[in-house]
Amino acid sequence: MVTIHDLTPVSEFEWEIPADARKGMRVGVRLFATRRLLEAVLKDNAVQQAVNAASLPGLAGPVVVMPDMHQGYGFPIGGVAATALPDGVISPGGIGYDINCGVRLMASAVPLEAAQPYLERLVTALDQHCPSGVGTAGSLRLSDADLEKVCRLGAGWAQQRGWATEMDLRRCEDGGCLPEADPASVSPRARERGRTQLGTLGAGNHFIEVGVVEDVYDLEAAQAMGLEPGCLTLMIHCGSRGFGHQICTDAVQSLQGAVRRYGISIPDRELVCAPLDSPEGRAYLGAMRSAANYAFANRQILAHQARLAFEAALAGVVRNFHLHLVYDITHNIAKLETHTLNGRAQRVCVHRKGATRAFGPGSPDLPPEYAHTGQPVLVPGSMGTGSWVLAGTAESMERSYASSCHGAGRVFSRSQAKREIRGEALLRALEKQGIQVRAGSMGGLAEEAPQAYKDVDEVVRTVCGAGITRKVARLRPVAVVKG
DNA sequence: ATGTTC
């Protein structure tokens, strides 16, 4: 059990656990948190899981954990780990079950006042156009050939169908497509689950939120992103549905064998992994990239459906209701990137689980319109509490493998939330705040209650105080669709 | 997160 005495303060926003070979740690842990957030996160197993992750073979530097951290499968949600050849590994627990779970932000030039009379109509249209719920099928039925194309092309597949513009793809992380996806490494069971779920939202913490740009902290960056104070935004939070879940399930099982075959010693069986340069590791990478591309396509199709909902609800009554894409990020992924570590550029496999890439200004991977601002970093808060738009910094390149936080982060479990909170009461409280809600189930709503989450404003204050991102704008929610 | 216990 890790206690506060195991942590060395570095600053108001940063702590360190030095590498300790007696505990099997190959590297240290760098943790971003205020003292108050740290006390909250020490109540679950997240920091111990970061210490466990520090024993993975081939780590190129410290394991980094974000202030929204909480306990996950094997590896903490909010964790970042970089492994390198020759002996680095890839671990599905360092990515998560919802491969390429991510966030897309769109923005409009519609002032809230102009849309206010039509908000109920709008949220109903969004609910109708964007199917949600556990196991829910959408309207698409993919053939084997089309599913393989989705795996290889990601959001580009949606563009081929006329559901994405060139600007949409340019404003997705990685252009909405990871190279070297290998659909042949995806199991028949995963394919079966994936066939019907493209264009659906899912459940749990996945949502569509209509917001309004409330506070702008960086006018130049907000302008570059097309965020206009007082105007409507639309945020989509979802991932690869049952397809990615099945790919993770398959990998967790099959990599147990790899751990034995390669004689890898891990402190927790949930940290199963395989060498990056092994048949097992390559197969998981190829399947994982397929799921990532499925999720990019999914968010793009949901965005198209959301645009249709805006048209259905607002055409003829509100002007300029077009939604332009601000950016689309992934916060559950592993990617090969080049980072300067110990003074030399190294090719590493960066696992981000509940952590967002935050490339600084000048990164060649950003579209030209964001060359000066840095990458947009999208941080949804808990339901009804507001979301943030941040931007990547040069410092994130040095301190956190160019990563920042991904949300508020749980303080207590879904089961505890369900026991302690009534969905109906929460729904009334949200409506009293003027937030329109469409929820698939009252139990599901209770699981996502703001009380079950940390304070997103303090999480953001931490990552900005630590310098790994900076504030651009805060969004206030006015309507939410949940599975 | 998840056809929420193959």
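All values below were derived from every heavy atom in this structure, side-chain atoms included, with hydrogens, water molecules and symmetry-related copies excluded. Residue numbers start from 1 in every chain, and the chains themselves are labelled A, B, ... in the order their sequence lines are given, proteins ahead of strands.
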Check against ring pair (Phe, Tyr, Trp, His ring centres under 6.0 Å), Tyr294(A) and Phe243(A): CA-CA 8 Å; Tyr294(A) 184 99; Phe243(A) 186 64; 4.6 Å; yes
Under 4.0 Å between any heavy atoms, over every strand shown, what does Gln197(A) touch: base, sugar-phosphate, or nothing? Just pick one. sugar-phosphate
Over how many whole Å does the gap from Lys482(A) atom NZ to dT4(B) atom C1' extend? 15 Å
Looking across every strand, which nucleic acid part, if any, lies under 4.0 Å from Glu192(A) by heavy atom: base, sugar-phosphate, or nothing? nothing
Check this for me: Gln256(A), atom CD, are more than 12 non-hydrogen atoms of other residues, nucleotides or ligands nearer than 6.0 Å? yes
Would you mind reading off the distance between Asn298(A) atom CG and dT2(B) atom C1', rounded to a whole angstrom? 14 Å
Tell me, with the steps shown, if His237(A) and His331(A) meet ring pair (Phe, Tyr, Trp, His ring centres under 6.0 Å). CA-CA 10 Å; His237(A) 178 205; His331(A) 52 226; 5.2 Å; yes
Taking CZ from Arg241(A) and P from dT2(B), how many angstroms apart are they, rounded to a whole number? 5 Å
Would you mind classifying the nucleic acid contact of Gly204(A) as base, sugar-phosphate or nothing, using non-hydrogen atoms under 4.0 angstrom? sugar-phosphate
In this structure, how many angstroms lie between the P atom of dT4(B) and the NE2 atom of His206(A), rounded? 16 Å
Does the plane of the ring in His245(A) sit parallel, tilted or perpendicular to the ring in Tyr97(A)? Use 30° and 60° as the thresholds. tilted
Find the distance Leu201(A):CG to dT2(B):C1' and express it as a whole number of Å. 14 Å
Given DNA chain B, 5'-ward residue of the pair Arg414(A) and Glu447(A), judged by closest heavy atom: Arg414(A)
OH of Tyr73(A) versus C1' of dT2(B): gap in Å, rounded? 14 Å
Roughly, in whole Å, what's the span from CD1 in Ile77(A) to P in dT2(B)? 13 Å
His245(A) has an atom NE2; how far is it from atom P of dC6(B), in whole Å? 10 Å
